[in-house]
Protein chains: 2
Amino acid sequence: MEHFPHTPPNLTKNQSMVMAALLKANGPLSAYTILDQLRSKGLRAPLQVYRALDKLVEYGMAHRLESMNAFVACRHPDGESESMVAFTICESCGEVTEISNDGFDRQLHKLAGGAGFNVKKSTVELFGQCEACA
Amino acid sequence: MEHFPHTPPNLTKNQSMVMAALLKANGPLSAYTILDQLRSKGLRAPLQVYRALDKLVEYGMAHRLESMNAFVACRHPDGESESMVAFTICESCGEVTEISNDGFDRQLHKLAGGAGFNVKKSTVELFGQCEACA
DNA sequence: CTGAAGATGTTATGTTATAACAATTAATAA
DNA sequence: TTATTAATTGTTATAACATAACATCTTCAG
Ligand SMILES: [Zn+2]
Ligand SMILES: [Zn+2]
Ligand SMILES: [Zn+2]
Ligand SMILES: [Zn+2]
């Protein structure tokens with residue numbers, strides 16, 4: 001839910017540094033990995049990273065991968081729905097991609113709705129093999 | 001994937017104790033909560049619980065909720081598909097339910113397949129309000 | 001300017017999970 | 001049975017992930 005890619009508010013110093021680290025990474029980063037990368041730029045404590053990540057996730061500029069305790073920059077492909085987000089995580093090469101689809105979003109709400117449940121936020125993480133590794 | 005509810009192999013002592021703790025709980029339990037409950041029965045270290053949980057998850061008798069770092073007994077409703085599992089997690093009362101659906105499973109594979117991804121295992125966790133709390 | 005809200009810095013602590021190794025028990029086969 | 005192997009258990013220590021609490025500083029509307 002609340003997925004607003006490509007909508008960068010004015011980021012603070014710490015938020016900018018963390019966002020830059022996520023953008024230049026080729027895959028998900030843990031908060032502590034980010035911290036290590038930014039120690040040379042003055043960051044010293046986990047909280048400085050977690051606070052920045054909280055905001056970036058709130059702004060829709062980053063996502064948390066629950067199954068990996070890690071974070072990625074939003075790579076929302078243009079032309080795809082912004083409704084719901086799913087991630088594919090290749091177990092061979094570690095590549096993570098972000099996909100979404102209106103139809104799937106509706107299916108998901110329908111599935112839950114059938115059980116009387118009103119979905120506000122979803123975590124969908126798919127493990128398997130990417131095209132290159134298959 | 002590999003969801004085999006109601007297929008209990010012969011469990012070992014620790015596995016049985018952990019499974020019993022999950023079954024009598026009304027919701028998800030963290031490994032450390034399980035440990036505390038089973039200290040009186042002789043368990044002393046986190047690994048004893050984690051090892052049992054690993055097996056129970058492998059057997060399909062329990063599930064790990066990635067977004068909560070917690071575990072639940074499989075409550076797979078009879079008559080539902082065993083293909084893929086989704087969880088609803090009520091943000092008001094904490095109730096967790098397990099649902100699955102063949103159509104949704106196909107949709108999910110199709111969505112990923114469209115991106116060239118072959119899904120082997122999925123994590124779907126839905127947050128919102130249950131019927132009673134809505 | 002001034003007060004309120006937000007962001008930062010820092011220390012300490014809480015929570016979740018695994019490494020490494022020794023000992024024991026269960027299953028299998030000669 | 002007995003040797004061999006595989007699985008499970010027990011234990012200590014440590015790694016990895018996340019937040020509490022509090023003081024300080026910055027931003028910005030009124
Ligand atoms: Zn995104
Ligand atoms: Zn791959
Ligand atoms: Zn189940
Ligand atoms: Zn509820």
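Order of the sequence lines fixes the chain letters, A, B, ..., with proteins taken first and strands second; residue numbering starts at 1 for each chain.
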Legend entry - Glu98(A) side chain vs Arg75(A) backbone, donor-acceptor pair below 3.5 Å: yes

Legend entry - Flag, side chain of Arg44(A) to backbone of Arg39(A), donor-acceptor distance under 3.5 Å: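 Checked: no pair found.
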
Inset, instruction - Please report the closest heavy-atom contact between Gly27(B) and Val72(B), naming both atoms and the distance. - result: C-CG1, 4.2 Å

Legend entry - Nearest-angstrom distance from the residue atom NZ of Lys41(A) to C1' of dT8(C):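 Taking atom C1' of dT8(C) as the reference, NZ of Lys41(A) is at 18 Å.
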
Legend entry - 5′-ward residue of the pair Thr12(B)/Asn69(B) relative to DNA chain D: Thr12(B)

Are [X] and [Y] side-chain neighbours, meaning at least one heavy-atom pair lies under 4.5 Å?
X	Y	value
Leu111(B)	Leu126(A)	no
Phe71(A)	Leu29(A)	no
Leu11(B)	Leu56(B)	yes
Lys24(A)	Gln37(A)	yes

Inset, instruction - Determine to 10° how strongly the helix from dC1(C)-dG30(D) to dA30(C)-dT1(D) is bent, judged from the axes of its five-pair ends. - result: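 The angle, to the nearest 10 degrees, is 40°.
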
Legend entry - 5' to 3' contact window, DNA chain D with chain A (heavy-atom distance under 4.0 Å): dC17(D) to dA21(D)

Inset, instruction - Drop me the distance from Phe117(A)'s CZ to Phe87(B)'s CZ, to the nearest 0.5 angstrom. - result: 12.5 Å

Legend entry - Salt bridge flag under 4.0 Å for residues Arg51(B) and Asp54(B): no

Inset, instruction - State, without any angle test, whether Ser67(A) and Glu125(A) hold a side-chain donor-acceptor pair at a distance under 3.5 Å. - result: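 A pair is found: one side chain offers a donor N or O, the other an acceptor, under 3.5 Å apart.
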
Inset, instruction - Verify the contact: side-chain N or O of Lys13(A) to OP1 or OP2 of dA7(C), cut-off strictly under 4.0 Å; return yes or no. - result: no

Inset, instruction - Mind running a 4.0 Å heavy-atom check of residues 44-54 of chain B against DNA chain D and sending the residues that fall below it, in number order? - result: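 Contacting residues: Arg44(B), Ala45(B), Leu47(B), Gln48(B), Arg51(B).
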
